[in-house]
Amino acid sequence: MTDPAHDPSVASPVNPVNPVNSVDPVAVWRRAAPGAVLLDGFHALKHAVRFGAEVLVAVTADRAAALALADELAADVRDTLAALLTEVPHGTYASLVPRPHPTAVAALAVRPDRAGNLAKLAHAPRTAPVVVLDQPRNLGNAGAVVRLAAGFGATGVVTTGTLDPWHPTVVRGGAGLHFATAVERLSVDELPPGPLFALDPEGEDIRSLILPDEALLAFGSERTGLTAELRERADHLVALPMRPQVSSYNLATSVAMTLYHWSATGGAPA
């Protein structure tokens, strides 16, 4: 399939605001959007570039402001962002995204190869756990978990069920850090190898355990908890300390506590 960024059939008027980019960004966007990953906002684009994403097109309603942010927060990728970003009218920018971001920046990137992600998830020995979200429901929470996993250097994040972990709202919640870890949707039967530690109120207190680097750390939905299928697959049930009569923690909070315990008892990002 022809890369839309290099398709000779796309009109290419010179952009007077950013003469480096002579390809019509809106034409490229509309051709690439159906199969591409939406990077919504400056921070999503910054992280995606930092972790090697192939960016097809990037637009902003205020190029000077976006590059000022790069000078302040992302000097390591500032030149790359300058070469990618094309300024368009705010109305044009807003028409390309479902919900305009305060930074008025958006981009489209190529989704990482599934086979490559699966190979990373299955590689042994692993140096960091895989986070498993068992039939999550909330897109924003799933994005927050991806962000946490990337920050802790987890091998990846796997979801079961119907939620697409590459949904634009999940990518927005993850601030583009899907490109810093392996993110895929699998069935319980397809989970990577390794001992499965499932978070459950009836489990063993996590403070008495050391979580191995090759662990799968599984979390149920906030409303229904673990599915019966994943619970049966679990090698260990693990409980987080919680005050009596408090019903549950937020999903992202539970993941953060568990990954912190892993990192504090021997595992940690390089």
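Any value given below was found using the heavy atoms of this structure, including those in side chains, with hydrogens, waters and symmetry copies removed.
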Working to the nearest 0.5 Å, report the span between [atom1] of [X] and [atom2] of [Y].
X: His261; Y: Ile206; atom1: NE2; atom2: CD1; answer: 5.0 Å
X: His236; Y: Leu199; atom1: NE2; atom2: CG; answer: 13.0 Å
X: Met242; Y: Asp205; atom1: CE; atom2: CG; answer: 11.0 Å
X: Leu96; Y: Asp40; atom1: CG; atom2: CG; answer: 11.0 Å

Answer yes if [X] and [Y] sit in the same cluster of Ile, Leu, Val, Met, Phe, Trp and Tyr residues linked by side chain heavy atoms under 4.5 Å apart, and no otherwise.
X: Val183; Y: Val158; answer: no
X: Leu38; Y: Val88; answer: yes
X: Leu85; Y: Val49; answer: yes
X: Phe152; Y: Leu209; answer: yes
X: Val188; Y: Val130; answer: yes

Looking at [X] and [Y], what are the two nearest heavy atoms and their distance?
X: Val170; Y: Pro165; answer: CG1-O, 3.2 Å
X: Arg137; Y: Gln135; answer: NH1-O, 3.1 Å
X: Leu226; Y: Leu237; answer: CD1-CD2, 4.5 Å
X: Ala66; Y: Val105; answer: CB-CG2, 3.9 Å
X: Arg172; Y: Pro102; answer: NH2-CD, 4.3 Å
X: Arg126; Y: Gly194; answer: NH2-CA, 3.9 Å

> Residues two or more places apart in sequence or in another chain: which of them pass ring-ring contact (aromatic ring centres under 6.0 Å, His included) with Phe42?
Replying inline: none
I'd like to check [X] versus [Y] (side-chain heavy atoms, cut-off strictly below 4.5 Å). Are they in contact?
X: His167; Y: Val171; value: no
X: Phe51; Y: Leu177; value: yes
X: Pro195; Y: Leu216; value: no
X: Pro212; Y: Phe197; value: yes
X: Thr160; Y: Glu229; value: no
X: Pro129; Y: Glu214; value: no
X: Leu230; Y: Val132; value: yes

>> For Ser254 and Leu240: C-alpha separation, side-chain torsions, deciding distance, then whether side chain to side chain contact (heavy atoms under 4.5 Å, CB included) applies.
In response: CA-CA 8 Å; Ser254 297; Leu240 294 170; 3.8 Å; yes
Hey, which of [options] is the one that makes side chain to side chain contact (heavy atoms under 4.5 Å, CB included) with [X]?
X: Leu133; options: Asn138, Leu251, Leu163, Leu217; answer: Leu251
X: Pro25; options: Leu108, Thr60, Thr86, Leu56; answer: Thr86
X: Glu184; options: Arg114, Glu190, Lys120; answer: Arg114

> Could you go step by step and tell me if Arg50 and Asp76 meet the side chain to side chain contact (heavy atoms under 4.5 Å, CB included) rule?
Replying inline: CA-CA 8 Å; Arg50 188 173 281 161; Asp76 57 314; 2.8 Å; yes
Answer yes or no: is there a donor N or O on one side and an acceptor on the other, between the side chain of [X] and the main chain of [Y], under 3.5 Å?
X: Arg233; Y: Asp189; answer: no
X: Thr155; Y: Ala128; answer: yes
X: Asp134; Y: Phe219; answer: no

>> Please determine whether side chain to side chain donor-acceptor pair (under 3.5 Å) holds for the pair Thr127 and Asp213, giving the CA-CA distance in whole Å, both sets of side-chain angles, and the decisive distance to 0.1 Å.
In response: CA-CA 5 Å; Thr127 58; Asp213 293 344; over 6 Å; no
> His90 vs Tyr93 aromatic rings, parallel, tilted or perpendicular, using cut-offs 30° and 60°?
Replying inline: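 Ring orientation of His90 relative to Tyr93: perpendicular.
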> Can you say whether the rings of Phe179 and Trp166 are parallel (under 30°), tilted (30 to 60°) or perpendicular (over 60°)?
Replying inline: perpendicular
> Ion pair present between Arg78 and Glu72, side-chain N to carboxylate O less than 4.0 angstrom?
Replying inline: no
>> Could you walk me through whether Arg63 and Leu67 satisfy the side chain to side chain contact (heavy atoms under 4.5 Å, CB included) test, starting with their C-alpha distance in whole Å, then the side-chain angles of each, then the deciding distance to 0.1 Å, before giving a yes or no?
In response: CA-CA 6 Å; Arg63 189 168 186 271; Leu67 293 181; 3.7 Å; yes
> Yes or no on side chain to side chain contact (heavy atoms under 4.5 Å, CB included) for Val55 and Leu45, after CA distance, side-chain angles and deciding distance?
Replying inline: CA-CA 9 Å; Val55 178; Leu45 176 58; 4.1 Å; yes
> Just checking, is any N or O donor in the side chain of Ser221 or Thr224 under 3.5 Å from an acceptor N or O on the other one?
Replying inline: yes
